[in-house]
Amino acid sequence: MLDTSPWTGLGSPRFAFERGLHDLGNNSFAWLQPDGGWGWSNAGLIVSGDESLLVDTLFDLPNTREMLAAMKSAHNAAADIDRLVNTHSNGDHTHGNELVAGAEIVASATAAAEMEATTPAGLAALMRGARENGGLVGDFLVECFGSFDFEGITHTLPSRTFEGQLTLTVGDKRVELTEVGPAHTGGDIMVHVPDDRTVFTGDILFIEGAPIIWAGPVQNWIDACDLLLSWDLETIVPGHGPITDNRGVEAMRAYLVYIRDEARKRYDAGLSARDAAFDIALGDFESWGDSERIAINVDSLYREFSGGAGDRTHMQELFTRMAELAQARRG
């Protein structure tokens, strides 16, 4: 059947969605990792003169080493990274931090606190259990994260934090860090190079893949999309998926509004969060990857609708719902 969704083909035609380093021009680079699904995140490099700023590391040490070697080959300034900015706390953007431990590591204060509370060792233990025990959730975890090696990672935290906004310089480039969380996580930031009309959004953007609302409120995330649309941008590097332009931002915003409104209808009708997640048809977003994340998104929205009453659903139950949805949608 012909896909008539307006929210496909969102990658910029100027850049192939291929694994590796992509020259954005103006001495900026993006490292892309197809297919952009669970753990396969993007990162960036900004250089000017002999100074360098890395935007995010990757989920494990082997992938981060490969990326850093490619960056070093592309530009001499990347041989010794001066500064690393972690856009948020998730491990697929931070677990490689130890490989640039000599750099100043910058994050929002909230992201730094979240990073301190969630360790690579904990994820390594979770994956050992998943492989040993199997079952619906164990198999799902291995499917999502089995390509990564979380053993032996030294948990390396930010050395500098901020709230709101922070302006950095890389040689003669001005780099603006803008905190837009809580949204995807508690402390999301975007890395904007105004003179180059380039932004690295972290996980404020998932392109042609379902986002995941770990924190919310969803309105903050919608507002972050509106902020991006207000900037004069040519090149938008998402946290996951192909390099995009304003259409990618509009698509992300449309997904968030659609899921919010559909979840609200079911909340008002008295459906449980679990039943709502299974009931919502994805419509124009059917082709996006990792659609099972709607289970977490609806749970977060329900907590928001209730004013935050009660504890968050246990993570084991949320992963069970996602595993069931993934299995159901595979047929």
Side-chain angles (χ1 to χ4, degrees), residues 7 41-42 55-56 85-90 92-94 106-115 117-118 158 161-166 176-192 199-207 209-231 233 236-241 244 246-265 267 273 276-277 280 285 288 290 293-313 318:
W7 305 128
S41 57
N42 300 330
V55 181
D56 285 333
V85 175
N86 288 135
T87 58
H88 62 290
S89 60
N90 286 170
D92 53 340
H93 298 259
T94 65
V106 183
S108 71
T110 301
E114 289 180 334
M115 288 169 63
T118 308
T161 63
F162 73 98
E163 296 179 356
Q165 290 191 304
L166 178 66
E176 301 283 354
L177 309 185
T178 301
E179 186 175 16
V180 292
H184 167 62
T185 63
D188 306 295
I189 65 174
M190 300 192 294
V191 181
H192 183 202
V199 66
F200 300 86
T201 71
D203 282 1
I204 292 301
L205 289 187
F206 292 71
I207 299 303
I212 189 164
I213 307 172
W214 291 118
V218 70
Q219 189 59 49
N220 282 359
W221 201 330
I222 293 168
D223 291 346
C225 292
D226 289 338
L227 179 62
L228 282 168
L229 292 170
S230 76
W231 288 345
L233 296 170
I236 300 174
V237 182
H240 294 259
T244 191
N246 279 354
R247 280 192 67 236
V249 183
E250 290 163 354
M252 183 87 287
R253 189 187 193 284
Y255 175 96
L256 295 167
V257 169
Y258 177 77
I259 295 300
R260 178 200 66 191
D261 293 350
E262 292 298 309
R264 185 76 212 199
K265 292 174 190 174
Y267 176 85
I280 294 172
F285 309 98
W288 286 16
D290 303 320
R293 292 172 175 169
I294 194 172
I296 288 183
N297 295 342
V298 170
D299 189 75
S300 294
L301 287 163
Y302 266 48
R303 289 192 70 251
E304 187 176 329
F305 299 153
S306 69
D311 295 331
R312 170 146 206 168
T313 303
L318 291 175

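Predicted model, so just to flag it, every value in this text is computed and none were measured.
Under the 3.5 Å distance criterion, the side-chain polar atoms of D56 are matched with a main-chain donor or acceptor of T87. Although no hydrogens or angles enter the test, the distance criterion places no donor-acceptor pair under 3.5 Å between the side chain of E179 and the main chain of S108. Put simply, the side chain of D188 never gets that close to the backbone of I204: no donor and acceptor are under 3.5 Å apart.
Side-chain contact between I294 and I259: present, with at least one pair of heavy atoms (C-beta onward) separated by less than 4.5 Å. A 4.5 Å side-chain heavy-atom check between W231 and T178 finds at least one atom pair inside the cut-off. With a 4.5 Å cut-off on side-chain heavy atoms, P217 and N220 count as touching. Between P238 and F200 the shortest side-chain heavy-atom distance does not fall below 4.5 Å. By the 4.5 Å heavy-atom criterion applied to side chains, I189 and V180 are not counted as neighbours. Side-chain contact between V191 and V199 is absent, with no heavy atoms from C-beta onward closer than 4.5 Å. In this structure, W221 and M252 have side chains that are in contact, with non-hydrogen atoms separated by less than 4.5 Å. Contact annotation: the side chain of L228 approaches that of L205 to within less than 4.5 Å [non-hydrogen atoms, C-beta and beyond].
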Show your reasoning for whether side chain to side chain contact (heavy atoms under 4.5 Å, CB included) applies to R260 and E304.
CA-CA 10 Å; R260 178 200 66 191; E304 187 176 329; over 6 Å; no
Audit row: E250, N246, side-chain hydrogen bond (donor to acceptor under 3.5 Å, both in side chains) steps and yes/no
CA-CA 6 Å; E250 290 163 354; N246 279 354; 5.4 Å; no
Derivation and outcome, side chain to side chain contact (heavy atoms under 4.5 Å, CB included), residues H240 and D290
CA-CA 12 Å; H240 294 259; D290 303 320; over 6 Å; no
Starting from the C-alpha separation in whole Å, work towards a yes-or-no answer on side chain to side chain contact (heavy atoms under 4.5 Å, CB included) for I222 and V257.
CA-CA 8 Å; I222 293 168; V257 169; 3.8 Å; yes
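Two rings, from F206 and H184, have their centers less than 6.0 Å apart.
Below 30°, between 30° and 60°, or above 60°: for Y258 and F285 the angle between ring planes is between 30° and 60°, a tilted geometry. Relative ring orientation between F305 and Y302 is described as tilted, the plane-to-plane angle lying within the 30° to 60° band.
Under the side-chain hydrogen bond (donor to acceptor under 3.5 Å, both in side chains) test applied with H93, the options N42, D203, N86, T185 reduce to a single match, D203.
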